[in-house]
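Contents: one structure, followed by commentary.
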There are 2 protein chains.
Amino acid sequence: MVTIKDVARHAGVSVTTVSRVLNNSQHPISPATKQRVLAAIEELGFCPNAAARSLQLNETRTIGLILPDIANPYYPGIVRGVEDVAHESGYTVILCNTDRSRERTQEYLRVLREKRVDGVIFTGGGAVEDASQSHFFDQERIATVVIGRHRGKLPAVQVNNTLAAREAVEHLLSLGHRRIATITGPATSTTASDRLDGYRCALAGRGMKVDPLLIVEGNFEFESGYQAIDRLPLRGPGAITAIFAHNDLMAIGAMKALQERGLQVPGDIAVMGFDNIPLASFITPQLSTVAVPVYDLGVTAMKVLAELLAGREVPPVTTLATKLQVRDSTIIK
Amino acid sequence: MVTIKDVARHAGVSVTTVSRVLNNSQHPISPATKQRVLAAIEELGFCPNAAARSLQLNETRTIGLILPDIANPYYPGIVRGVEDVAHESGYTVILCNTDRSRERTQEYLRVLREKRVDGVIFTGGGAVEDASQSHFFDQERIATVVIGRHRGKLPAVQVNNTLAAREAVEHLLSLGHRRIATITGPATSTTASDRLDGYRCALAGRGMKVDPLLIVEGNFEFESGYQAIDRLPLRGPGAITAIFAHNDLMAIGAMKALQERGLQVPGDIAVMGFDNIPLASFITPQLSTVAVPVYDLGVTAMKVLAELLAGREVPPVTTLATKLQVRDSTIIK
DNA sequence: CTGAAAGCGCTTACAG
DNA sequence: CTGAAAGCGCTTACAG
């Protein structure tokens with residue numbers, strides 16, 4: 001492995017000088033010297049060692065991205081957004097899948113601390129609380145941004161889940177639905193509780209009472225949406241005519257279960273999702289949903305983190321707009 | 001930031017001793033001393049600096065994963081597989097999206113060299129050739145594994161695309177189809193050329209000639225499958241009755257274009273894909289395809305890389321099995 | 001069983 | 001404009 005020393009020797013200068021041309025330092029250097037150094041670097045194929053540099057400068061130009069599962073179609077868009085901005089800004093991204101496991105989250109937190117990442121972006125909930133618990137932020141003062149609302153004091157980049165859920169349910173109400181079920185995310189999720197609030201607000205806005213039998217808890221996974229249908233009144237008096245699922249995956253699971261029971265969507269039961277994952281527009285019927293700007297969430301989170309790393313002030317909360325995406329699963333053609 | 005020196009002072013021992021307990025070294029240490037050191041580490045919240053360690057040991061326990069685009073549904077499964085094994089083996093993964101851009105690939109290669117990653121996994125083609133060109137492997141001897149067939153001498157983890165494509169087309173032939181079009185990947189892709197070979201072999205196996213009019217080049221993206229339909233004979237003499245697309249995304253694009261033209265799938269035209277992305281089983285009709293074990297490709301690639309990093313011999317090529325996944329887009333119910 | 005010291009490959013304050 | 005030297009935080013061969 002060729003080092004800065006080799007380059008210095010080869011060019012007949014000191015390592016100080018090599019370091020200066022390497023870093024385009026302000027320090028004046030004669031053009032001739034600079035040329036010699038550049039030539040030596042080229043000839044030797046020198047590539048500076050980032051670890052040595054980090055040790056000096058106390059920065060790694062690396063960030064950690066902690067999420068539940070990249071294979072969940074909600075996340076790739078976020079990851080891509082983060083990565084694009086990171087790359088532009090000269091940062092590298094370490095990907096950490098936690099499956100929302102506390103243990104795995106803690107392990108990653110430790111590794112990220114050891115690697116001295118400059119910052120961390122959290123998404124998918126849960127992890128944040130664990131992290132605060134482990135004194136991750138207090139002790140190390142690692143700059144951190146969270147995608148989604150959370151209970152801590154870290155900068156957040158989010159959408160207004162309550163408002164968006166309310167709009168989604170109002171869409172169903174405006175279509176004449178009155179028995180509207182909701183399949184929620186896990187009770188511990190702020191996202192789920194916000195979306196549930198939106199559901200309640202929408203009903204309250206019409207002076208309607210919430211029927212607890214129409215609220216079924218899921219876990220944001222396809223399977224839980226599928227199974228939720230077992231627990232909902234589908235026929236007879238009190239039967240539902242619409243479902244608002246807290247995310248697309250559960251909505252799609254529910255639609256599948258409904259179709260297997262011979263129920264038409266949206267003819268018998270309208271279904272509304274949340275997220276607008278790519279899948280939503282490919283299935284039949286195409287899923288009406290709330291479009292969450294995932295790529296932009298990633299982009300914005302990384303921009304906020306970069307600001308933080310540059311020592312600048314950042315807003316405690318950045319809220320991006322969602323958009324009601326009405327497709328075929330709520331509208332009878 | 002607390003360092004090993006602080007711990008040593010706090011515990012009243014030398015940094016040598018602290019380092020020894022930190023690394024569970026073979027070197028004998030008295031239980032009492034060990035306890036004192038452990039206590040000091042705990043009290044001070046000490047977290048060793050990986051950069052300093054890397055500088056000494058000349059290993060970073062970090063690998064780079066280079067792929068075209070994590071937002072393409074083919075890749076998350078691979079990434080997850082790589083990450084799971086990496087995590088178990090104590091490695092961290094840097095994610096690099098190249099969009100198959102040579103420039104972006106080169107940039108990443110440089111960054112990964114600077115960061116002194118222990119190894120690299122390539123997937124998505126193209127990049128490998130660029131990398132060889134930049135002397136990435138020769139100069140730095142960075143252990144590298146490629147997912148997919150390639151022209152270099154690097155260890156590969158792949159499926160047998162030719163065989164699998166042949167089976168897919170034979171499935172169509174066995175259904176009675178004789179005018180079978182194929183929508184290929186880019187001509188430069190080894191994957192695409194292998195799948196095209198399989199198509200040819202299948203036809204040749206029946207003594208049939210290949211009609212060049214039925215071969216349309218795409219680029220593995222949804223849009224190119226959609227547009228390919230414009231260039232195919234859909235009605236009248238010489239019309240096709242089936243399509244074999246080189247991946248699911250293009251197959252789904254083609255299906256959409258066919259449906260917009262009022263053609264039934266599979267009634268008028270059967271469609272076969274390749275990959276078995278999650279989307280394939282959600283669309284209507286469900287897509288018949290070749291199941292590629294993406295997660296296992298990732299797992300296996302990382303296992304091979306870990307072997308390489310452990311200094312052990314690895315097979316030049318590891319081939320995983322595909323499976324014909326017959327669903328609704330080729331079978332009339 | 002314990003530790004002093006050299007060294008990994010860089011950056012930079014200081015001196016000239 | 002140039003460079004000698006200290007130091008970033010670790011590991012480990014060597015000595016005791």
Side-chain angles (χ1 to χ4, degrees), chain A residues 1-38 40-41 44-62 90 110-111 113-118 139-140, chain B residues 1-38 40-41 44-62 90 110-111 113-118 139-140:
Chain A
M1 198 68 235
V2 18
T3 75
I4 197 175
K5 249 180 169 166
D6 300 316
V7 175
R9 194 178 313 124
H10 197 83
V13 300
S14 71
V15 296
T16 306
T17 300
V18 177
S19 175
R20 281 177 185 137
V21 347
L22 229 40
N23 296 295
N24 282 312
S25 115
Q26 293 303 329
H27 201 98
I29 299 186
S30 85
T33 305
K34 185 164 182 173
Q35 279 320 308
R36 285 219 312 287
V37 172
L38 257 15
I41 288 172
L44 300 179
F46 171 66
C47 179
N49 183 326
R53 189 156 205 279
S54 293
L55 195 54
Q56 267 295 334
L57 301 188
N58 208 25
E59 72 161 25
T60 54
R61 289 262 141 192
T62 299
R110 191 182 48 69
V111 174
R113 282 180 58 191
E114 288 189 352
K115 303 240 180 201
R116 298 293 192 269
V117 293
D118 295 335
Q139 289 194 358
E140 311 306 330
Chain B
M1 198 68 236
V2 19
T3 74
I4 196 173
K5 251 180 168 164
D6 301 316
V7 175
R9 195 178 312 124
H10 197 85
V13 299
S14 71
V15 297
T16 306
T17 300
V18 177
S19 175
R20 281 178 185 137
V21 345
L22 229 40
N23 297 293
N24 281 312
S25 115
Q26 293 304 328
H27 201 98
I29 300 186
S30 85
T33 305
K34 184 165 184 176
Q35 279 319 309
R36 285 220 309 287
V37 172
L38 257 16
I41 289 172
L44 300 178
F46 171 65
C47 179
N49 183 324
R53 189 158 207 277
S54 293
L55 194 54
Q56 265 298 332
L57 301 189
N58 208 25
E59 72 163 22
T60 54
R61 289 262 143 193
T62 299
R110 192 182 48 69
V111 174
R113 282 180 59 190
E114 288 189 353
K115 302 240 182 204
R116 298 293 192 269
V117 293
D118 295 334
Q139 288 192 358
E140 310 307 329

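Worth saying up front: this structure is predicted, and the values here are computed from it rather than measured. For the numbers below, each heavy atom of this structure counts, side chains included, while hydrogens, waters and symmetry mates do not. Letters A, B, ... are given to chains in the order of the sequence lines, protein chains preceding strands, and every chain is numbered from 1.
Rounded to the nearest 0.5 Å, atoms NE2 (A/H27) and CG (A/N23) are 13.0 Å apart. The line from CG of B/D6 to CE of B/M1 is 9.5 Å long, rounded to the nearest 0.5 Å. Once rounded to the nearest 0.5 Å, the distance linking CZ of B/R61 with CZ of B/R53 reads 9.0 Å. Separating the CG atom in A/L44 from the NE2 atom in A/H10 is a distance of 4.5 Å, to the nearest 0.5 Å.
Under the side-chain contact (heavy atoms from CB on, under 4.5 Å) test applied with B/T33, the options B/V21, B/V13, B/V18 reduce to a single match, B/V13.
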Practice prompt. Do nucleotides 1-6 of chain D as a string where each nucleotide becomes B, S or -: B if the base has a protein heavy atom under 4.0 Å, S if just the sugar-phosphate does, - if no protein is that close.
Written response: BBBBB-
Practice prompt. List the steps and the verdict of side chain to side chain contact (heavy atoms under 4.5 Å, CB included) for B/T17 and B/R36.
Written response: CA-CA 11 Å; B/T17 300; B/R36 285 220 309 287; over 6 Å; no
Fill in: Trace of the side chain to side chain contact (heavy atoms under 4.5 Å, CB included) decision for A/R116 with A/L55
CA-CA 10 Å; A/R116 298 293 192 269; A/L55 195 54; over 6 Å; no
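The local environment of CG in B/N58 is sparse, with at most 12 non-hydrogen atoms from other residues, nucleotides or ligands closer than 6.0 Å.
If you measure from atom NZ of B/K5 to atom C1' of D/dT11, you get 15 Å, rounded to the nearest angstrom. Rounded to whole Å, atom C1' of C/dT11 lies 13 Å from atom CG of B/L55. Computed from coordinates, the B/L57 CG to D/dT11 P distance equals 7 Å when rounded to whole Å. Atom CD in B/Q26 sits roughly 13 Å away from atom P in D/dA13 (whole-Å rounding). The separation between A/R61 atom CZ and C/dC10 atom P is 18 Å, rounded to whole Å. Computed from coordinates, the B/E59 CD to C/dC8 P distance equals 17 Å when rounded to whole Å. One atom, CG of A/N49, and another, P of C/dC10, lie 5 Å apart when rounded to the nearest Å. When the C1' atom of C/dT12 is taken as reference, atom CG of A/N58 falls 15 Å away, rounded to whole Å.
As rounded to the nearest Å, D/dT2 and D/dA6 have P atoms that lie 23 Å from one another. Separation of the C1' atoms belonging to D/dT12 and D/dG16 is 16 Å when rounded to the nearest angstrom.
Remark: DNA chain D takes part in the stems C:1-3 with D:14-16, C:5-12 with D:5-12, C:14-16 with D:1-3, each of 3 or more antiparallel Watson-Crick or G-U pairs, criterion distances under 3.5 Å.
Contact annotation: B/N23 side-chain N/O to D/dT11 OP1/OP2 distance is under 4.0 Å.
Across all their heavy atoms, A/V37 and A/V7 have their closest contact at O-CG1, 4.3 Å.
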